Amino acid sequence: MLGSATTRPENISLAAPKERIDYTLVEEEFSKLAVDDEFERKQVIQEISSHILEMAKSELHSVKLFLSTILRLAHRAPFTEVSEGMKTLLGDLESLGLQVPRVRFRKGPSFYIPKDKVPKLDDTKSEVWPIFRDAFMNDARVSHMVQVMGLHPKYLVHWVQAHHHLMRECNGVLPRHFRAYIAIIASARHNCLYTVNLLEREFLCFGGDQEWLEGLKNAPKKLQNLATVNNILCHKPWAITSQHMQDLLTGPDSWSRPELTQALTIICHFHALTTFVLGCGLTHEIDSIAGHNYGNSPQVDSGEDDLLGDPENNGNPIMFDDIYTRLLQEDGSPRLIQDVNHQIFTDLIEQQATSSGGSRRKTSALAHYMMDPEMEYEKYGTQNKTKVHRIFGEELDWEEMGYPCCRNLDVVLADILNRKFENIQELTYHTMGGKENIDTSKLRSSVWYYVHRLWGIYYYNVDYSMIQELLPPGFRNYIFCTTCMPEQLKEDIFNNWESKRGFTHSEKVHFCLIIMEARFQAEYCFALKALSTY
């Protein structure tokens, strides 16, 4: 099932009214910290501290705008002098009688992964620190996403490049506040408050209209028109057609083809990103409304339990020894009898449909960003159990169809995505649960092709019996939930991985990255095929 009564962090109640904060002022103040030279950075810290302390004497309300960012930098910065300087500033403000905020969560950037298993931001000798430094130089922030992905720095380089190209490059065809808003409505489909909170702030910093954040109905009609495509790509991407593209490319408030390509890429990118955010149980950024509190409110380890799930059934535990033994027994012998292979392909999803139950999602806190907020994942092929239609992977192959189609519209983007896909498919440390010199290629490809199976994609050259053997029911349940309904994931699903003598937390994050990229590629290729056939 989707989980027990163990709480899901992503769905903390946001009952407090949304603050109208001039984030531009805040960003302008702290973006000054994004300098390479340590001496210059210390000077900037002193200037910021003096400015805010002086402001506290006469403009108390204005100072309150900066408090959550000061708190974040005191705990999440890749430079020790920044963290120490901001801690000192908080103490000075408190000594003036100002109530200062506290970090809400004890657990660090993830509820599921212990703090000591996540790379430290200020460890200047680590392989990933240069990436953390560059992220801070761009945004004066190292997000929890980047910090957890930092367990795999060779992949993170490519992800950061793709994310920055999509959302920050000035020469994109869409204005940056449009991109941020498209990302908001994409993230909202999976009720991912973490990314929505970050994106709302980004949207306002890019000059977006605060009224748009009151709901999709307040956004321009051109953006509203994306709602149908957003829904279908998120929950049943195989149903996207050239007609959907025609509706967007023609008539009033229409999109140009390059605009629509960028919009579709952002939608698919953020649908996939929510699987990582929720799959790894990321805590809210400290400066988000849900990431800090005031007064004597206790620190907490989880959010309010407002998700559905069956508390009586935690699913089958993912037994490391079973997977390890089966992996060693795989000899690569051909077993591709197509009728049998297709039956196993069919059984995989029917077994998952049975084991994962049929709970419905509650009304989302982000429903104002959605059209049809009740819509959820539709299990592919379960409507007609006598015959499951196959979508042949060769028709949606990234190299043969997706990459050329993307390259025709954005050469730089196509090459960035291609390198990212190649990296995650090849990334290996030849280890498994502390055991060395292990060939994990079959296990990693089984995860990749099982995600594609969940979207109905069938490959002639994939042995589905190997997937069935290497991925026991508990593992498939985690992949299914993370891929298709991450908003319903709970901590017990992640902890089902028998960690004491099995997979390390780094390996779990590695699997989650594979799931994210497999989903992105599958969903994106469905979108590109529909666009190219119009």
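This one's a predicted model, so the numbers in the text were calculated from it and none came from an experiment.
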What's the shortest heavy-atom distance between [X] and [Y], and which atoms?
X: Ala290; Y: Arg104; answer: O-CD, 3.2 Å
X: Thr274; Y: Cys192; answer: CG2-CB, 3.5 Å
X: His144; Y: Thr283; answer: ND1-O, 2.8 Å
X: Leu443; Y: Phe475; answer: CD1-CE1, 4.1 Å
X: Arg41; Y: Asp36; answer: NH1-O, 3.1 Å

Checklist entry - Considering the options Asn218, Leu204, Val196, which one meets the side-chain contact (heavy atoms from CB on, under 4.5 Å) requirement together with Leu213? => result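 It is Leu204; the other options fail the test.
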Under 3.5 Å: donor-acceptor pair, side chain of [X], backbone of [Y]:
X: Asn197; Y: His284; answer: no
X: Arg189; Y: Met375; answer: yes
X: His152; Y: Ser506; answer: yes

Can you confirm whether the side chains of [X] and [Y] place a donor and an acceptor under 3.5 Å from each other?
X: Gln488; Y: Tyr377; value: no
X: Glu376; Y: His235; value: no
X: His163; Y: His269; value: yes
X: Glu84; Y: Thr88; value: no
X: Asp209; Y: His177; value: no

With heavy-atom distances below 4.5 Å as the criterion, would you say the side chains of [X] and [Y] are in contact?
X: Met516; Y: Leu513; result: yes
X: Pro114; Y: His505; result: yes
X: Leu273; Y: Phe270; result: yes

Next on the checklist: For Arg168, give me all partners under side chain to side chain donor-acceptor pair (under 3.5 Å), at least two apart in sequence or on another chain.
Outcome noted: Asp139, Glu202
Item to check | salt bridge (charged side-chain N to carboxylate O under 4.0 Å, His left out): pairs with one or both residues in residues 141-160, sequence neighbours excluded | outcome: Glu127-Lys154, Arg141-Glu285, Arg141-Asp287
Checklist entry - Do other residues, nucleotides or ligands put more than 12 heavy atoms under 6.0 Å from Lys117 NZ? => result no
Item to check | Neighbour count >12 (heavy atoms, 6.0 Å) for atom NZ, Lys87 | outcome: yes
Checklist entry - So, do Tyr194 and Phe276 have ring centers that fall under 6.0 Å from each other? => result no
Checklist entry - Lys420 pairs by side-chain hydrogen bond (donor to acceptor under 3.5 Å, both in side chains) with which of Gln161, Gln425, Glu517? => result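 Of the listed options, the one satisfying the test is Glu517.
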Item to check | Any residue meeting salt bridge (charged side-chain N to carboxylate O under 4.0 Å, His left out) with Glu38, in chain and number order, not counting sequence neighbours | outcome: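 Partners of Glu38 by the salt bridge (charged side-chain N to carboxylate O under 4.0 Å, His left out) criterion, ordered by chain and then number, come out as Lys42.
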